[in-house]
Amino acid sequence: MVSEVSDRVRFDNECRNQSKTASSHALHLLFLNIAFLQYCSDTEDLFGDYDSIVSDSSSLAKLDRVGQNMRPHDIDHTTSSRCPVVLLAGNPDFTSLKSSTGPKQSCDDSMTESFLEDFTDDAFLDMPSSQLAFLQDPQTADRNCYTDEDKTSMPMRHPEKSVSTEDRNERHIAPKARKSVSDHLKRAMMANAATPSSVSRTAVQKEAVVTEEISVAMQAMESVSMVTTDLGPFFGLPTKVKELICNLKGIKDLYEWQKTCLNLDSVQQRRNLIYSLPTSGGKTLVAEILILKELLCRKRDALFILPYVSLVQEKVRGLASFGLELDFMVEEYAGSKGRFPPVKGRGKRSLYIATIEKAHGLVNSLIEANRLDNVGLVVVDELHMLGDGSRGAIIEMTLAKVLYISKSTQIIGMSATLGNVQDIQKFLKAENYTNDFRPVELKEYVKLKDSIYEVDPKEEECFRFSRLLNFKYSSAMQKIDQDHIVALVTEVIPSQSCLVFCPTKKNCENVAEMICKYLKEDFIQHKQAEKAVLLGELRSSGNGSLCPVLKKTVPYGLAYHHSGLTSEERKLVEEAYSAGVLCLLTCTSTLAAGINLPARRVILRSPYVAADFLKRSQYKQMVGRAGRAGIDTHGESILILQDKDKVLKLVSAPMEICISNLMHSDGKGVLSLILSVIGLNITNSLEQIRDFMSGTLLSVQEKQVCLERSLWEVTQECVELLKEKGLVTVSTEPQDGTLQVTKLGREIVHSNPFKSLDLTYCDLLYRDLSKGLESLMLNSFLHLIYLVTPYDMVSQCKPDWMVYFRQVRAQVLLGIILLLWSFPSALFPQNIDQVVVSRLYLALVLLSLLKETDLWSVADRFQLSRGFIQTLLSSSSVFCSCVLHFTEELEEFWPFKALLTELTRRLTYCVQAELIPLMEVAGVMERRAKQLYNAGYKTLAHLANADPNILAKTVENLFKKQANQIVASAKMLLNEKADALQEEMDDLMMFPLDLLSL
C-alpha cells in the first residue's frame, strides 16, 4: 500500500515536471485571451478577417497533442474534483486560476508547468503583427477597458442558471471524458462568434474604425483651423495665387514692406488695420492678397470700397479672371449696377467691389437680411476721404454699422495721406502701419520765374537752388507761355511721359492747344499710325463726331483729361497714354485720385484747384504720380509759382486732419444716421442710440466738432426732430417706449438701395409726386423725367434762355401745358422759381437724349459739355431708382411703380435695346457694344463663351488683354445671373413654413 502510494506520488511528480513549461505557456495564452476578450465586444473583430487563435492551426495542433498525452493520466483521477477551463466574462477573477493549497488539487495538478512542454513562444510568431502589438502594449488595456460592470465582453447564455463552486462540489457529477484545451478555446470563441448580430463583425468593425478616423481627423482639423487657415506657402494662399499674380499682373515678387505688412500680428490675428504709404507704393496689392485670403482660406465674403466708378470698373475687370480661376464671384456695385441684397453664393464666396454710396446700401441690405456676418473683411481705399464732405459722412456711417453689428468682420483701411491717424485708429479700434517706401525716388521742385529750386526740408526756407531754365523764347511766345510750360514739357516728351495738372477744365484744353502750337513737326511722326487709330476710335465713340481740341492735339501725342469728356473718351485716352501712344496729358486734380497713370515728370500749373488753394493732401496725391516703377530711375515734380511765401505750408506743412462730417450741413448726417439705425432695427431706444453714436468718429472728435452742445444733446435733438417730421414714433405699448419708424420714415430709409433719400429733399419730393398725380402727362416721358431729375444737379446748370424757350415751345404742342399748369413758375416770369426752371431745362435735356441717344448733338443743342450730360444721365437713373423705392409702399403713389420701372431701365443705358445685355459687362461702352454686336456677339452668353484670341482678331482695335478681361467679366456676370435665377427658383419651391401651423 505504501509502495502504491509512493509510486503514485512519483508518477504525479514526473507528470508535473514534464508539463511545467508547457503549462505556463497555456496559462499565459489563457490570460491573453481573457484580457483580449475583456475589451473586445462580441460584434467586433479588430484584426479584420483574422479570427484570433481559432484560425491558427499550428497553435491548436500543439494544444491537441498535449491534451491527448494527458488523457491517460486523467483517467485515474475521475473521482477527484474537476475544474474545467473557462474563459471568464466581464471582469475576470484571476485568483481562481492560482494553485490551491487546499485538499483538492487535481485540477491544478493537471495544468502544471510540465504540462505543455512543446508549446513555446514560437507559437505566437504566426500571429499578425497588429495583434501582437495590441497584446504586448501595456497601455492598451488602460485605454480600452470598460468600467461599467454591466458591459461584458462575452454573453452569458443562462446567467440565472449559474452555479456556485460550493454547490457544484456538493453535487455528484458524473465523470466525463476530458476535453482538450483547444476544444475549450474553440468552444468559447465559437460562442462569442455565434452571438446574434444584424451585420457582420467585419463590417461593423470597419465602419467603427472609419468613423473613429473621421472623428479624429475632424477634431484635428478644427483644432488646426483655430490656429491657422493656411492653404499654401504664399502668405497662407496656394502657389496658384502667386502664379496668377505673375501672369495677370506681371508682378513676380513683392516689396519688402508688403511682405512685412502681410506678416504683421494684426493681420495674422485678424485685427483691424490702417496702413499708409506714398502714392504708387503698392498698397492695393496687399489689400487684394488679404481679400483672396478671406475668400479662399476663411470662406467668407469681402467688400472692397473704392471712391470712383471708374476705379470700381477697372478693379472688376482686373479681378474677374482671379474669380474664375479660384472659384469665387466678383460683383460690381457702381452706378446703376448691383443687387440688394446680393444673391446668395450657393457655396461660392463673393467679392463685392463698390463705390462709397453703393457700399453703404449694400451693408444696409445685408443688415436687413441678417447676413452681415457673412462678410469677413471690409477694405476701404482712400480712407482719408472720411473728411470729404457728405461722402465722408457715408463712409463713417457704413463703418460704424459694421463695427457695431458684426464683431467678427475685419476692417482694413489704406491711404497715402493721413494727418490724424490716431483719431481714426480709435474709431476703427485698429492698429497702424506706416512706411515711406516708394518704388521710384521722387524729387520735388518748384519753379519761380526762370529758376528751379529743389524742395529740401533741411534748408532754412525749405528750398535749394537747382538750375536755371534754358529755353529760347520769342517775344510773342513769351507773352503766350509766361510760365515756360513748353520748355518744361519738351525736356521729357515724346520719349518719356508727362502730366500737367491745371486748375480748371477749360485751362486743360487751352494749355494742350497752346503746347501744340510750339511743338516741332517731328512730334507728329512719333507713333503716327497708333495715333491715327486712336483718332478713329474717338470718332467712332462719338458716332462720327470728334472733339475739335482732341483733333488738333492727338497727332502731337497730347490730350486733355477731365470730367467734360465722356466716360468712353476718357477710357480711350487713358489706355492710349498707358500704351505710350500719348506722351502728355493736361488734366485736373481728379486724375490724381482716380486711375493710376504715372509719369516721368509731373507739372502743377498752379497751386490752386479752381479758386481754392491746394491742400497738402491734394498736392501729395498729384506729385505722387511722378515716377514709373520698372521704367524710371526717379520721378520729378515741378510746382509753378508766382509767389514763394504761400507755398511754404504746401510743401512742408503736416497733412490735414480728417474731421467727421456727420455734422455737415447742420447735422444732416447725424439725422440721417439715426433714422437709418432705427429703420434697420439696429437700435430702438435712446440708450441704444447713445451707445451706437459712441462708436463713431464724431464721438472720438466730439470736443473738436461739437463745440456748442454735446453729442448726446445733438442726438436727443435729432430724435425729437424726426418725431416732429413724422418719420419716427414711440411705441404705444405701456412701459415700452421703443422707437419705431413710421411708414413714411421706412420709405425714406428704403428709398434708395445705396443711400437713404436726403432728408432735405424728402418733403419736396412728396409734394411734387402728389401734385404730379393730379395731372400726370403720359403722352411722353417728359413729366416723369421731370419728377426724377436730381435736385442736387440743378445748381450745376445755368439754362440758355433762347434754347429753353425754343424747347418749351416745341413741347407745348405735345401737351407740356399740363406740366406747366402743375409748375406755373416754369413759364410765367412774374412767378419765376430758378430751381423749377433749371430742373425743367435738365428734364428737356434728358428727354432729347432718350429720343436721339446721340450725346454729341444733344450737347451742342443745349450748350452743355458731353461729360456733364453723361453725369446727368447717370445721376438721373440712380435718383429714378430712389423715387421708385420711395413710392412702392405708399398706396397713393401706386401708378408710379409700373411707370418708373421702365424709365429706370431706359435711363440706365440710353442705347438701343439690343445693346443693353452687352453693356452690362464691366468696361463695355456703347461703341464697343456696337462692335461686338456687329461681329456676331449679340448676347451675354455669346460673349461669355467667346475665345479671347478670336475675339481680339475679330473686333477692331481690341487688344488680347482687353479681350481676356471682357470674356472673364462676361462669364462672371453670367454666373451671377444664373445664381440669381436659381435663388428665385429655390424661393418658389420652398415649402411654406407657416403651413404646418394651419
Side-chain angles (χ1 to χ4, degrees), residues 295-296 299-303 316 319-354 358-359 361-376 680 750 752-754 877 881 884-885 887-889 894 897-898 900-906 908-909 913-922 924 937-946 966-998:
L295 294 167
L296 303 180
K299 303 296 183 183
R300 296 179 71 187
D301 299 335
L303 170 61
V316 169
L319 292 178
S321 298
F322 283 86
L324 292 175
E325 292 289 337
L326 301 173
D327 197 30
F328 64 85
M329 301 296 296
V330 178
E331 302 183 33
E332 177 183 352
Y333 282 80
S336 58
K337 295 182 180 179
R339 177 176 170 135
F340 301 90
V343 177
K344 294 180 181 178
R346 301 183 61 81
K348 286 187 178 182
R349 297 294 89 193
S350 294
L351 167 58
Y352 310 115
I353 305 179
K358 283 278 192 167
L362 179 61
V363 168
N364 285 347
S365 68
L366 289 172
I367 291 172
E368 278 196 295
N370 293 320
R371 290 168 51 191
L372 186 59
D373 285 336
N374 293 345
V375 178
L680 296 172
H750 297 162
N752 192 334
F754 352 123
S877 68
S881 176
L884 174 61
H885 284 80
T887 59
E888 277 183 336
E889 294 186 16
W894 64 266
K897 183 175 181 180
L900 295 179
T901 300
E902 173 61 18
L903 182 59
T904 301
R905 190 185 69 84
R906 294 283 299 271
T908 298
Y909 296 102
E914 60 269 18
L915 298 180
I916 291 177
L918 299 177
M919 290 189 66
E920 291 179 340
V921 178
V924 175
Y937 302 97
K938 298 184 178 182
T939 66
L940 185 61
H942 287 157
L943 202 53
N945 291 283
I966 288 175
V967 172
S969 298
K971 287 181 178 179
M972 190 63 65
L973 183 58
L974 195 64
N975 291 338
E976 184 182 339
K977 287 179 175 290
D979 285 344
L981 292 173
Q982 185 65 49
E983 182 181 13
E984 185 177 350
M985 187 193 75
D986 292 344
D987 291 340
L988 290 173
M989 300 296 292
M990 184 181 295
F991 186 82
L993 298 178
D994 58 349
L995 185 60
L996 294 177
S997 62
L998 298 177

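Note that the coordinates shown come from a computational prediction; the quantities given were computed from them, not determined experimentally. Any value given below was found using the heavy atoms of this structure, including those in side chains, with hydrogens, waters and symmetry copies removed.
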N-O pairing of Arg339 and Glu976 below 4.0 Å: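 Salt bridge between Arg339 and Glu976, a charged N being under 4.0 Å from a carboxylate O: no.
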Trace of the side-chain contact (heavy atoms from CB on, under 4.5 Å) decision for Ile916 with Arg905: CA-CA 9 Å; Ile916 291 177; Arg905 190 185 69 84; 3.0 Å; yes
Sidechain-backbone polar pair: Lys348 side chain, Asp327 backbone, donor-acceptor under 3.5 Å: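 No: the side chain of Lys348 does not pair with the backbone of Asp327.
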Test item: Arg300 side-chain N/O and Asp373 main-chain N/O as donor-acceptor pair under 3.5 Å: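 Checking the backbone N and O of Asp373 against the side chain of Arg300, a donor-acceptor pair under 3.5 Å is found.
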Closest heavy-atom pair and its distance - [X], [Y]:
X      : Y      : answer
Phe322 : Phe328 : O-CE2, 3.6 Å
Ala922 : Glu332 : CB-OE1, 3.6 Å
Leu884 : Thr904 : CD2-OG1, 4.5 Å
Val375 : Leu366 : CG2-CD1, 3.7 Å
His885 : Ser881 : ND1-O, 2.8 Å
Leu974 : Ala944 : CD2-CB, 3.8 Å

Steps toward side-chain hydrogen bond (donor to acceptor under 3.5 Å, both in side chains) verdict (Glu368, Asn364): CA-CA 6 Å; Glu368 278 196 295; Asn364 285 347; over 6 Å; no
Within the structure provided, determine whether [X] and [Y] are in side-chain contact (heavy-atom separation under 4.5 Å).
X      : Y      : value
Arg371 : Asp301 : no
Met972 : Val316 : no
Ser365 : Leu362 : yes
Leu295 : Leu326 : no

Neighbour count >12 (heavy atoms, 6.0 Å) for atom CE, Met989: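 Count not over threshold, so no.
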Heavy atoms from other residues, nucleotides or ligands near CD of Glu984 exceed 12 (cutoff 6.0 Å):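 Check fails, neighbour count at 12 or below.
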Say you draw a straight line from [atom1] of [X] to [atom2] of [Y]; how long is it, rounded to the nearest 0.5 Å?
X      : Y      : atom1 : atom2 : answer
Lys971 : Leu943 : NZ    : CG    : 10.5 Å
Glu920 : Lys337 : CD    : NZ    : 7.0 Å
Glu983 : Leu988 : CD    : CG    : 11.0 Å
Leu303 : Ser350 : CG    : OG    : 11.5 Å
Glu331 : Asn975 : CD    : CG    : 10.5 Å

Criterion side-chain contact (heavy atoms from CB on, under 4.5 Å) on Lys977 and Leu973, from CA distance to verdict: CA-CA 6 Å; Lys977 287 179 175 290; Leu973 183 58; 4.2 Å; yes
